[in-house]
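Have a look at the structure below before the remarks.
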Amino acid sequence: MAEFKNNWTRQEIEEIFYTPILELIYKAATVHRQYNDPQEVQVCTLLSVKTGGCPEDCSYCPQAARYHTDVKVHKLLPTNEVLEAAQRAKESGSTRFCMGAAWREVRDNSDFEKIIDMVQGVSRMGMEVCCTLGMLSASQAEKLKEAGLYAYNHNLDTSEEYYDQVITTRTYKNRLDTIDHVRSAKISVCSGGIIGLGETENDRIEMLQTLSNLPEHPESVPVNALVPVEGTPLENQGKVSVWEMIRMIATARILMPKAMVRLSAGRVRMSLEEQALCFMAGANSIFAGDKLLTTPNPEENQDKKMFQVLNLKPRKAYKEQEISQ
Ligand code: SF4
């Protein structure tokens with residue numbers, strides 16, 4: 001059986017990460033089959049409920065107010081509009097609905113009350129409801145849990161060492177504290193990163209070490225490839241190769257055997273064959289819908305075709321709970 005632990009050493013991770021690629025895919029596919037149904041892929045929809053105007057300086061993000069991008073800023077959407085979008089996502093096969101707001105942190109104000117209403121509404125639809133709202137206090141995490149929040153996304157983005165090259169308006173410790181609050185409130189943790197920010201392979205390995213050595217592995221680990229956006233400091237970054245994505249996905253799969261490893265941003269630039277290799281390497285979750293917050297994503301029809309060709313089936317909502325009962 002695959003090893004289940006959270007004391008991975010740097011050397012152990014390096015050995016996995018630098019395994020020749022076809023051998024690495026084989027190893028990851030083997031681990032994947034021990035804990036997951038390899039035909040099953042979770043389909044999530046991500047909606048930006050508040051877009052742009054963010055005070056943070058994440059250098060990859062078109063929603064930061066300080067960069068001049070084409071993002072159309074909008075305030076928090078009305079609750080009924082969000083619930084209608086969730087209903088449409090459900091009808092087209094998504095089992096997880098994630099709401100993202102471009103905030104530095106959650107404030108205890110009327111917008112947070114509206115988010116609570118949205119969480120309650122989506123939860124009543126029988127979908128797994130997830131939010132990504134920035135930093136969260138312990139009491140806010142508990143309030144969200146009470147409202148029915150199933151998961152919270154808070155990515156580490158990169159290694160601790162490289163973090164201040166990407167973001168200067170908050171610290172790595174801030175990130176880890178929010179993850180801790182989410183975990184303490186018994187909300188499922190979704191945390192991963194982005195490659196292609198100019199980091200080294202060492203940074204990628206270090207980030208995977210931090211994630212896999214958290215007291216409990218995150219239940220979801222999104223692996224994103226940077227989609228450079230004009231107007232952001234990283235607009236000229238080169239394209240991440242599919243092999244780099246596969247290496248990250250496969251290593252994450254081996255280190256965190258039960259996590260949902262999500263093939264996230266950058267999928268729009270991949271062929272069906274390249275995505276198939278990512279699934280082979282242990283990815284078992286995707287975002288559906290033609291937009292990922294503000295960047296493009298494959299269209300619904302293309303994904304339907306991919307599921308048919310690869311014989312994949314969407315994972316049911318709340319399956320983790322069924323397994324643990
Ligand atoms: S990634 Fe999030 S926190 Fe950073 S600038 Fe964009 S919206 Fe703000």
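For ligands, and for the atoms within them, numbers begin at 1 and follow the listed sequence. None of these values were measured; they are calculated from a predicted model.
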* Asked: Under a 4.0 Å N-O cut-off, is there an ion pair linking E160 with R175?
  -> no

* contact_flag M135 ligand 1 heavy-atom lt 4.0 Å -> no

In residues 113-126, what donor-acceptor pairs under 3.5 Å come from side-chain atoms, sequence neighbours left out?
residue: E113; atom: OE2; partner: K143; partner atom: NZ; Å: 2.9

* Asked: Hey, is atom 2 (Fe) of ligand 1 touched by any protein heavy atom at less than 4.0 Å?
  -> no

* Salt bridge flag under 4.0 Å for residues K313 and D37 -> yes

* To do: Using 2.8 Å as the cut-off, note every protein N, O or S atom close to atom 4 (Fe) of ligand 1.
  => C58 SG

* Asked: Is it the case that more than 12 heavy atoms not belonging to Q11 sit under 6.0 Å from its CD atom?
  -> no

Tabulate below the donor-acceptor pairs under 3.5 Å that side-chain atoms of residues 98-105 make, not counting sequence neighbours, or state none.
residue: R104; atom: NH1; partner: E56; partner atom: OE1; Å: 2.9
residue: R104; atom: NH1; partner: E56; partner atom: OE2; Å: 3.3
residue: R104; atom: NH1; partner: T169; partner atom: O; Å: 2.6
residue: E105; atom: OE2; partner: R107; partner atom: NH2; Å: 3.2

* To do: Verify the distance criterion only: is there a donor paired with an acceptor across the side chains of R253 and N284 at less than 3.5 Å?
  => yes

* Of the non-hydrogen atoms in S94 and C44, which two are nearest, and what is the gap between them? -> OG-C, 3.8 Å

* May I ask you to list the atoms of ligand 1 that are less than 4.0 angstrom from any heavy atom of R170? => 3 (S)

* Under 4.0 Å, heavy atoms only, figure out whether ligand 1 is touched by the backbone of K50, its side chain, both or neither. => neither

* Sub-4.0 Å atoms of ligand 1 with respect to non-hydrogen atoms of Y60 -> 1 (S)

Kindly list each side-chain donor-acceptor pair under 3.5 angstrom involving residues 176-187, sequence neighbours excluded, with atom names and distances?
residue: D177; atom: OD1; partner: K173; partner atom: NZ; Å: 3.1
residue: D177; atom: OD2; partner: K173; partner atom: NZ; Å: 2.9
residue: T178; atom: OG1; partner: L136; partner atom: N; Å: 3.3
residue: H181; atom: ND1; partner: L136; partner atom: O; Å: 2.8
residue: H181; atom: ND1; partner: D177; partner atom: O; Å: 3.4
residue: R183; atom: NH1; partner: E219; partner atom: OE1; Å: 3.3
residue: R183; atom: NH1; partner: E219; partner atom: OE2; Å: 3.0
residue: R183; atom: NH2; partner: H217; partner atom: O; Å: 3.1
residue: R183; atom: NH2; partner: E219; partner atom: OE1; Å: 3.1
residue: S184; atom: OG; partner: D180; partner atom: O; Å: 2.9

